[in-house]
Engineer: 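First the structure, then my questions, so here it is.
Below, read A as the first sequence line, B as the second, and so on, with proteins coming before strands; counting in each chain starts at 1. Fair warning: this is a prediction, and the values are worked out from it, not measured in the lab.
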Protein chains: 2
Amino acid sequence: MKSSYGQYCPLALAVELLSRRWTILVISRLLDGCSQFNEIHRGIPRISPSLLNQRLTELEDYELLERKKLKGQRGYSYHLTEGGLALEHIVMDMAIWGQHYARDMNNEDLDPAFLAWSMHLRMNTEMMPEGRTVIEFLFTGVPHELDRFWIVNLDGKVEMCLKNPGYEADVFVFADILDFIEVWRGFKDIHKQIRANKIKLRGSPDHVKAFPDWLMLSALAKYKRMK
Amino acid sequence: MKSSYGQYCPLALAVELLSRRWTILVISRLLDGCSQFNEIHRGIPRISPSLLNQRLTELEDYELLERKKLKGQRGYSYHLTEGGLALEHIVMDMAIWGQHYARDMNNEDLDPAFLAWSMHLRMNTEMMPEGRTVIEFLFTGVPHELDRFWIVNLDGKVEMCLKNPGYEADVFVFADILDFIEVWRGFKDIHKQIRANKIKLRGSPDHVKAFPDWLMLSALAKYKRMK
DNA sequence: CGGTATCCCCCGCGATACTG
DNA sequence: CAGTATCGCGGGGGATACCG
């Protein structure tokens with residue numbers, strides 16, 4: 001493979017693999033515990049299946065990943081090896097660095113599918129009602145096909161839906177996607193944004209009041225932006 | 001720039017910049033204290049000047065790097081900003097990870113120019129004679145044009161030469177480049193390799209005896225290979 | 001020395017369709 | 001669902017020459 005740098009330097013050897021497009025993101029999903037193909041894919045919606053498969057194969061070739069045949073169903077289960085797991089603190093530090101210092105977001109970066117995926121992993125189900133709770137998000141500032149999604153909590157098990165799940169929503173959230181993501185990333189305070197009418201909630205008063213506590217926000221929200 | 005991932009995810013925003021070819025290596029040289037163009041270039045011999053300049057410009061655009069006009073001479077002085085310096089532990093951890101887990105070297109990775117550059121930064125001048133000491137390395141296993149280089153210590157100031165510096169060498173080192181790099185990286189013991197005749201030294205007995213102590217080896221040599 | 005400018009090739013990647 | 005296969009393009013980057 002000609003991504004090589006022609007140097008024995010350990011940093012160059014590391015970067016040769018890690019700097020391939022999507023690779024770090026794939027590893028990040030694996031570190032998050034995703035173990036099946038489509039599970040990984042949902043967390044990286046914009047990679048093509050063929051390229052995802054290629055990346056997984058490369059990681060396997062480098063012995064950072066093992067793929068095991070699943071019993072009883074098609075497909076494989078993917079798990080990082082010791083070498084892959086050893087990347088955890090590097091990937092986390094890169095994410096924190098990104099939160100601190102990476103460029104500002106622009107409109108191209110506001111993929112709702114990824115937001116939905118992130119959110120469904122970080123709902124504070126302890127604070128949510130028992131049984132089924134359905135939240136419908138309706139965004140402006142995104143293409144029509146992606147302007148809404150649903151988060152469904154059923155007794156602690158949270159799912160995301162990009163298509164109408166068929167249940168009536170308990171809470172509706174209206175916002176410009178940028179405003180919402182700024183809250184999600186910890187740049188703005190949700191209560192202020194609600195008061196400023198940047199985020200509008202509809203539903204029963206109890207639910208609407210409780211809603212802000214249902215969101216744990218991005219795991220990186222606690223790291224403040226530098227400069 | 002279309003290296004974007006279409007995600008607001010801080011990790012994706014970080015990787016979008018950091019995973020460009022050569023970028024991490026450029027940052028690494030800057031972290032090592034290289035501040036001028038050709039100084040950086042010597043530490044990354046295989047990048048083309050135009051691409052190096054492009055990478056520096058990108059880092060500047062992302063405000064990780066400042067270029068200041070030099071007074072009294074052409075060119076600029078390059079310095080990492082706070083955001084760039086904040087990458088230090090990430091880059092170091094990646095290098096350590098590479099030493100632990102990256103793929104094995106092969107013949108394509110054994111660039112003598114880079115070895116020379118690495119060595120001249122890590123000579124133990126305290127252990128070397130006063131005045132001028134010239135070491136000539138002669139390697140097998142590399143293209144003829146690059147099969148020798150010189151390391152010159154003059155009272156603690158070490159320079160590397162890819163062309164004959166004109167001084168008679170005090171010590172000659174003959175080795176296959178792979179054998180030598182395995183020592184340099186800490187995979188093999190230099191004394192054993194000398195005894196096994198894998199590394200041959202010629203010169204005055206005092207110099208030959210002292211030579212192993214002149215090398216500090218790679219800064220990563222202390223990290224042992226895993227698996 | 002310290003960069004710029006140009007040219008062109010190759011292949012990485014995106015898109016899409018397909019299959020068990 | 002869990003991947004495979006194919007195809008075509010765009011531009012990233014390698015090589016090289018140039019310039020003050």
Side-chain angles (χ1 to χ4, degrees), chain A residues 1-7 12 15-26 29-30 34-60 65 67-78 108 111 145 159 161-163, chain B residues 1-7 12 15-26 29-30 34-60 65 67-78 108 111 113 145 159-163:
Chain A
M1 161 102 19
K2 209 37 214 138
S3 48
S4 147
Y5 288 97
Q7 285 185 190
V15 160
E16 154 186 341
L17 173 67
L18 300 177
S19 80
R20 289 175 192 169
R21 189 163 167 76
W22 302 108
T23 295
I24 292 276
L25 301 182
V26 173
R29 294 308 163 265
L30 291 161
C34 298
S35 68
Q36 298 188 28
F37 191 90
N38 280 6
E39 200 178 356
I40 300 165
H41 198 196
R42 253 174 275 126
I44 318 178
R46 303 174 87 106
I47 192 176
S48 76
S50 53
L51 192 48
L52 175 54
N53 184 59
Q54 187 181 323
R55 289 293 176 263
L56 291 168
T57 303
E58 289 164 7
L59 288 170
E60 211 187 347
L65 183 67
R67 90 202 299 156
K68 297 179 189 152
K69 259 225 155 317
L70 281 173
K71 311 187 179 183
Q73 39 177 323
R74 345 181 54 58
Y76 302 87
S77 163
Y78 299 90
E108 321 283 293
D111 181 9
E145 329 80 76
E159 300 196 332
C161 307
L162 298 180
K163 298 182 177 175
Chain B
M1 158 98 25
K2 213 31 219 149
S3 48
S4 147
Y5 288 97
Q7 285 184 190
V15 160
E16 155 186 341
L17 173 67
L18 300 178
S19 79
R20 289 175 192 168
R21 189 162 167 77
W22 300 109
T23 295
I24 292 276
L25 301 182
V26 172
R29 293 309 163 264
L30 290 161
C34 298
S35 68
Q36 298 187 27
F37 191 90
N38 279 6
E39 201 178 355
I40 300 165
H41 199 195
R42 253 174 274 126
I44 318 178
R46 303 174 87 107
I47 193 176
S48 77
S50 53
L51 193 49
L52 174 54
N53 184 59
Q54 186 181 321
R55 289 295 176 262
L56 292 169
T57 305
E58 288 165 8
L59 288 170
E60 214 188 345
L65 183 66
R67 82 196 314 151
K68 297 178 188 153
K69 259 227 154 316
L70 282 174
K71 311 185 181 188
Q73 38 175 325
R74 327 183 43 61
Y76 303 87
S77 164
Y78 299 90
E108 320 283 292
D111 181 10
E145 329 80 77
E159 299 195 332
M160 56 168 277
C161 308
L162 298 179
K163 298 182 177 175

Engineer: Between A:R42 and A:E39, is the closest basic N to carboxylate O distance under 4.0 Å?
Structural biologist: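 So A:E39 does not pair with A:R42 through a salt bridge.
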Engineer: Using the side chain to side chain contact (heavy atoms under 4.5 Å, CB included) rule, pick out the option among B:L52, B:I44, B:L30, B:I47 that qualifies with B:L25.
Structural biologist: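 Looking at B:L52, B:I44, B:L30, B:I47, the match for B:L25 under the side chain to side chain contact (heavy atoms under 4.5 Å, CB included) is B:I44.
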Engineer: Give the nucleotide from the list C:dG2, D:dG3, D:dT16 with an atom nearest to the side chain of A:N53.
Structural biologist: D:dG3
Engineer: Are any of A:Y5's side-chain N or O atoms less than 4.0 Å away from OP1 or OP2 of D:dG13?
Structural biologist: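 False: A:Y5 side-chain N/O out of range (4.0 Å or more) of D:dG13 OP1/OP2.
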Engineer: Please tell me if B:Q36 has a side-chain N or O lying less than 4.0 Å from either OP1 or OP2 of C:dC1.
Structural biologist: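 For C:dC1, neither OP1 nor OP2 has a side-chain N or O of B:Q36 closer than 4.0 Å.
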Engineer: Just verifying a value: how many Å separate A:R67 CZ and A:S35 OG, rounded to the nearest 0.5 Å?
Structural biologist: 13.0 Å
Engineer: Check the phosphate of D:dG14 against B:W22, side-chain N and O only, distance under 4.0 Å to OP1 or OP2. Yes or no?
Structural biologist: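 B:W22 to D:dG14 OP1/OP2: side-chain N or O found under 4.0 Å.
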Engineer: Testing the basics here: between A:P45 and B:Q7, what is the closest heavy-atom pair and its distance to 0.1 Å?
Structural biologist: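 Scanning both residues completely, I find the closest heavy atoms to be CD-OE1, 3.7 Å.
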Engineer: Both B:L56 and A:I47 contact DNA chain C. Which one's nearest nucleotide lies toward the 5' end?
Structural biologist: B:L56
Engineer: How close or far is atom C1' of D:dG3 from atom OH of A:Y76, stated in whole angstroms?
Structural biologist: 9 Å
Engineer: Rounded to the nearest angstrom, tell me the gap between atom CZ in B:R55 and atom P in C:dG3.
Structural biologist: 17 Å
Engineer: For A:L52 and D:dA5, give me the distance from atom CG to atom P, rounded to whole Å.
Structural biologist: 15 Å
Engineer: Picking from C:dA15, D:dA15, D:dG3, which would you name as closest to the side chain of A:P49?
Structural biologist: D:dG3
Engineer: From C-beta outward on B:L51, which listed nucleotide comes closest to its side chain: D:dA2, C:dA5, D:dG13?
Structural biologist: D:dG13
Engineer: Just checking B:N38: base, sugar-phosphate only, or nothing, at a heavy-atom cut-off of under 4.0 Å?
Structural biologist: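 Base, at least one base heavy atom under 4.0 Å.
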Engineer: With sequence neighbours excluded, what pairs up with A:C161 under the side-chain contact (heavy atoms from CB on, under 4.5 Å) test?
Structural biologist: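 Per chain and number, A:C161 pairs via side-chain contact (heavy atoms from CB on, under 4.5 Å) with A:W150, A:V152, A:P165.
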Engineer: Measure CZ/A:R74 against P/D:dG3 and give the value in whole Å, please.
Structural biologist: 9 Å
Engineer: Could you tell me how far apart B:I40 (CD1) and C:dG2 (P) are, to the nearest whole angstrom?
Structural biologist: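 So the two atoms are 10 Å apart, to the nearest Å.
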Engineer: Taking the minimum atom-to-atom distance to the side chain of B:F37, which one of C:dC13, C:dG2, C:dA5 wins?
Structural biologist: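 Selected nucleotide (nearest to the side chain): C:dG2.
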Engineer: Roughly, in whole Å, what's the span from NE2 in B:H41 to C1' in C:dG2?
Structural biologist: 11 Å
Engineer: Give one of base, sugar-phosphate or nothing for B:R21, where a contact means two heavy atoms less than 4.0 Å apart.
Structural biologist: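 Sugar-phosphate: the residue B:R21, judged by heavy atoms under 4.0 Å, touches backbone atoms but no base.
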Engineer: Report the distance from atom CD of B:E58 to atom C1' of D:dG13, rounded to the nearest whole Å.
Structural biologist: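 Atom CD in B:E58 sits about 11 Å away from atom C1' in D:dG13.
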Engineer: Rounded to whole angstroms, how far apart are CD on B:E39 and C1' on C:dG3?
Structural biologist: 15 Å
